[in-house]
Protein chains: 2
Amino acid sequence: MTSDAPEPNWLNDAEMRTWRAYLRAVNLIERRLNEGLKAAGGLTIEDYEVLVHLSETVDQRLRMSELSQRLVHSQSRLTQRVDRLAKRGYVSREKCPEDRRGTFACLTEDGFAALEATAPQHVQDVRDALIDLIEPDEHAVIAEVLERISEELHES
Amino acid sequence: MTSDAPEPNWLNDAEMRTWRAYLRAVNLIERRLNEGLKAAGGLTIEDYEVLVHLSETVDQRLRMSELSQRLVHSQSRLTQRVDRLAKRGYVSREKCPEDRRGTFACLTEDGFAALEATAPQHVQDVRDALIDLIEPDEHAVIAEVLERISEELHES
DNA sequence: GGGTGGTAGTTCAATGTTGAATGATTATTA
DNA sequence: TAATAATCATTCAACATTGAACTACCACCC
């Protein structure tokens, strides 16, 4: 008589190595980027990403909910991050006229300036920590897998 | 007369897409794994990783400093995480006889049991969130890049 | 139109992380 | 060997995140 639970599909050695390398690489990348940003200004990578996403829209603003989805942050986390960025003058809030439940986070001039001041260092760090460590012939595979993951895990 | 600062080596479109996909994928993976672990028991992924690393050593124990390096955690973060795991009885501390500054974190039977109980669900989540999203012919490239990153960023 | 259910965003308490300071021990150097 | 420097781990206060509860608003349907 055997157990009801199916035997788990354990990772084989190669898969396990990949998984461990993934965990390690991700943590190392994050640490490196945060060190660089801290040296270059006072932004964390999360701050930076908020400002980047705003800067990439046509009118430099996004609804809170949209922003939290793009960043994969909880709403309350975003609320408080935007609070802090607003306190520093990098972001402002505006009520949404079409939907009065809604709020826009808007990039301010100071916020844009902070982004501009930090960007060169940060781009170099992103290169050093990830992009330039991918060989040209590997790039397509990496990009494809990452986008597949993003798409696949998108619901939840 | 031009500026002293060299023009930053901005990311091109493909590189930018890769970088964005990376950020998104990493956050989605973490969210998914934490949801799974929470459902399967009361461990976070950080808890789980502490226990796994201990379980993989010959005598189920590691020095705090060694463990913090493997996990890419600050020492104080690890101290407090081990505090919490110890409070739940999953880990115990032992003084190191060779170096009396040192402390071992030791996996307890309860800790091992918690790991065993959680592992099947977690392995499946790791498959769903990463491993099984990599096609067989892509696996070598992914593994190689991740290990290159781990190695390259290892100092710092 | 009024009721029902859903969505947007914030708040709050509990929990977790950071980074500098500390105490204790070991390593190095004069 | 004494003095100095470095390492191991913890502590503490400031800061950040989580998740549930809450307010306000919108959308649907009878």
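Since we're looking at a predicted model, the values are computed, not measured. Numbered from 1 within each chain, the chains take letters A, B, ... in sequence-line order.
Each end of the helix from C/dG1-D/dC30 to C/dA30-D/dT1 gets its own rotation axis from five pairs of C1' atoms, and the angle between them is 30° to the nearest 10 degrees.
The side chain of A/Arg93 contributes an N or O atom lying less than 4.0 Å from OP1 or OP2 of C/dT10.
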For nucleotides 1-6 of chain C, which of its nitrogen or oxygen atoms have a protein nitrogen or oxygen under 3.5 Å away, and what is each distance?
residue	atom	partner	partner atom	Å
C/dG6	N2	A/Arg101	NH1	3.0

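A salt bridge is defined here as a Lys NZ or Arg NE, NH1 or NH2 lying under 4.0 Å from an Asp or Glu carboxylate O, and A/Arg24 with B/Glu147 fails to meet this definition.
Applying the salt bridge (charged side-chain N to carboxylate O under 4.0 Å, His left out) definition to pairs two or more places apart or across chains, none involves residues 105-125 of chain B.
Contacts of B/Arg70 classified as side chain to side chain donor-acceptor pair (under 3.5 Å), with partners at least two apart in sequence or in another chain: B/Glu66.
Residues of residues 52-69 of chain A that place a heavy atom closer than 4.0 Å to DNA chain D do not occur.
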_Base versus backbone protein contacts along nucleotides 14-22 of chain C [heavy-atom cut-off under 4.0 Å; B, S, -]_ = --SBBB---

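The local environment of NZ in B/Lys87 is sparse, with at most 12 non-hydrogen atoms from other residues, nucleotides or ligands closer than 6.0 Å.
Contact of the A/Glu138 side chain with the B/Glu144 side chain is registered, since non-hydrogen atoms from C-beta on lie closer than 4.5 Å.
Put simply, CG on A/Asn34 is 12 Å from P on D/dA16, counting in whole angstrom units.
Of the residues near DNA chain D, A/Arg100 and B/Asp83, the one whose nearest nucleotide (by heavy atom distance) lies more toward the 5' end is B/Asp83.
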